[in-house]
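Beneath this line is the structure, given in structure tokens, with notes to follow.
As a basis for the values below, the full set of heavy atoms in this structure was taken, side chains included, without hydrogen atoms, waters or symmetry mates.
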Amino acid sequence: MSGALDRAAPARATAREWTGLAVIALPCMLYSMDLTVLNLAIPSISEDLKPTASQLLWIVDIYGFFVAGLLVTMGTLGDRIGRRRLLLIGAVAFGVASVLAAFSTSANMLIATRALLGVAGATLAPSTLSLIRNMFLDPAQRTVAIGVWISSYSAGAVIGPVLGGVLLQFFPWGSVFLIGVPVMVLLLALGPWLLPEYRDPDAGALDLASVALSLGAVLAAIYGIKQVAEHGPDAVSLLAIAVGALLGWLFARRQGRLANPMIDLRLFKLPAFSVSLGAYMLACFVMFGLFLYNAQYLQLVLGLPPLAAGLWSMPGAGAFIVGSMIVPALTRRLCPAYVMGGGLGVAALGFGMLVLLPAQGGLAWMVTSAVISSLGLAPVFTLATDLVVGSAPPERAGVASAISETSSEFGGALGIAILGSVGAAIYRATMADAVPADLTGLAGAAAVEAARSTLGGAVALAGELPGTTGAALLDSGRDALLRALRLVAGLCAVVLLFVGVLVAVRLRRVGASHAQEGAVPPGGAALPER
């Protein structure tokens, strides 16, 4: 009876918890900033450290590899040693790695420090999100808190390019890494005072074999997917994906046999968990998959400089923050299924607008599309995360948070690989006859092949050709990219509509104030969905 009363009237958060939420938002904002400012610093890093093409690729990618590979492990570790403790340990490691990265003297040193940043960064999302799960027991308040948590990532994406551009204007490239140091110092100063500690009192020892299998599965799969996105499918990338799938299958089998598994597989039998997780992953799939085309359209078709292109991306990020903040008001009137389904429909409208994107003068059209899409996707991100975390018992919130973030990493990587491959195929097919064969003798086979593969290659080749020949090639390249963007946007709209219907049907019985109904109790069978 007491358990039923606790569930009916959960304790409401006080000013202490809301202040702690502000502290939690700091490392999340920093995580997003760290992803965006590096791209601005790449030219300066290349000039100073002179990395090879392979080293430069690893400088950019290794951070994301380690974050994705270690999320589940760090979520499980936080459940065992304490979420606050893990967050503070990660903050120390992130600060130290940031300083080392800022003063790297070689490409290999920067790769190593970026790997360390990835290890530390993997502690942030599961620790902060699982702390929110335990700090905000009231479901309505938790939805607001998760909206703030997600908005902090968008805020970092907005602030990162602007702050990074200012720093690079006046200071060396290492300054972009030092942004994280004062943030982590503030977290270390306020965290022990404002953030309570939570851990699973009945957690067993960490199964090292499960750690190795999960790490190997995610790293191999992500590596293979990214190789497909960058170079197309080949033996190495397909083998990596196959190895990742095999290790993932072995990991799942092992979890079903352990008394204290890293991941409780019963969670996936709950619609609130599995359907929300799938919606979150597919939302990331379309968002990241189309992002590359948007950037190319702004810079290579409309001719905007990088800073201007970055500034015009701010309205979309701002709309995402607004969309996250209005979710609590919507869920007071509608159940999560209809809010998420409606949001996916709105996002489909935004993506569908790009099917009609004009070749010239389309800046306002592109920005409007981004604002509508962001307003639609924000409730999906907020409520899907809330339902996934709320479906797990409080002592398993760390690993549930990690699963949620891992799904977003996979969704983003798959979107870039699959939608990137579709767009690349359309571009190549359109440009096959647009680049005259006789240009090979004039510009070289490599330059001609690059022009047939990417718009960037076409722009570079057009700059070396005389007047009308170069202009014609550039027009063909822009037209090819626009065709690819329009078709990929149409595919994204179809995916979003399908997911919206699925969510509205499968989650219609999950109430706004009962996101955690049906949660798997520790050591017990899954409760039936009400």
Side-chain angles (χ1 to χ4, degrees), residues 228-230 232 282-304 308-310 312-313 315-317 319-320 343-377 380 411-435 450-459 462 471-501:
V228 169
E230 292 164 4
L282 288 171
C284 291
F285 174 89
V286 299
M287 187 175 71
F288 284 94
L290 198 62
F291 179 77
L292 294 175
Y293 296 97
N294 291 351
Q296 291 184 75
Y297 177 82
L298 292 173
Q299 295 184 54
L300 300 179
V301 176
L302 298 184
L304 297 179
W312 279 112
S313 68
F320 199 95
L344 288 162
V346 171
L349 173 63
F351 281 90
M353 286 180 60
L354 297 180
V355 176
L356 304 175
L357 182 68
Q360 297 296 329
L363 179 59
W365 193 269
M366 170 70 78
V367 173
T368 303
S369 166
V371 169
I372 293 174
S373 300
S374 296
L375 284 173
L377 287 177
V380 181
L414 283 170
I416 292 171
I418 296 175
L419 298 178
S421 298
V422 170
I426 297 168
Y427 181 91
R428 290 184 68 90
T430 306
M431 291 293 286
D433 299 325
V435 182
R452 288 173 174 163
S453 300
T454 66
L455 179 54
V459 171
L473 175 64
L474 189 56
D475 288 341
S476 297
R478 287 171 171 169
D479 178 66
L481 178 76
L482 196 58
R483 291 187 184 187
L485 191 158
R486 288 168 176 165
L487 181 60
V488 168
L491 290 174
C492 289
V494 171
V495 169
L496 289 171
L497 287 174
F498 170 77
V499 178
V501 173

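Note that SG of C492 is 7.0 Å distant from CZ of F285, once rounded to the nearest 0.5 Å. Taking CG of L344 as the start and CG of L377 as the end, the distance is 7.0 Å to the nearest 0.5 Å. The line from OH of Y297 to CZ of R486 is 8.0 Å long, rounded to the nearest 0.5 Å.
Of all non-hydrogen atoms in A489 and F351, the two that sit nearest each other are CB-O, 3.4 Å. Here the closest heavy-atom approach between residue G423 and residue A484 is recorded as O-CB, 3.5 Å. Taking both residues in full, the closest heavy atoms of S369 and G350 are given as OG-O, 2.6 Å, listed atom of the first, atom of the second, then distance. L419 and V286 get closest at one heavy-atom pair: CD1-CA, 4.3 Å.
Partner of L482 under the side-chain contact (heavy atoms from CB on, under 4.5 Å) criterion, out of L354, L487, L357: L357 alone.
In this view, A319 and V371, S374, L375 satisfy the side chain to side chain contact (heavy atoms under 4.5 Å, CB included) rule, not counting sequence neighbours. Residues satisfying the side chain to side chain contact (heavy atoms under 4.5 Å, CB included) criterion with L363, sequence neighbours excluded, are L298, L302, L304, W312, V367.
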Applying side-chain contact (heavy atoms from CB on, under 4.5 Å), run through L290 and V488 and close with a yes or a no. CA-CA 7 Å; L290 198 62; V488 168; 3.7 Å; yes
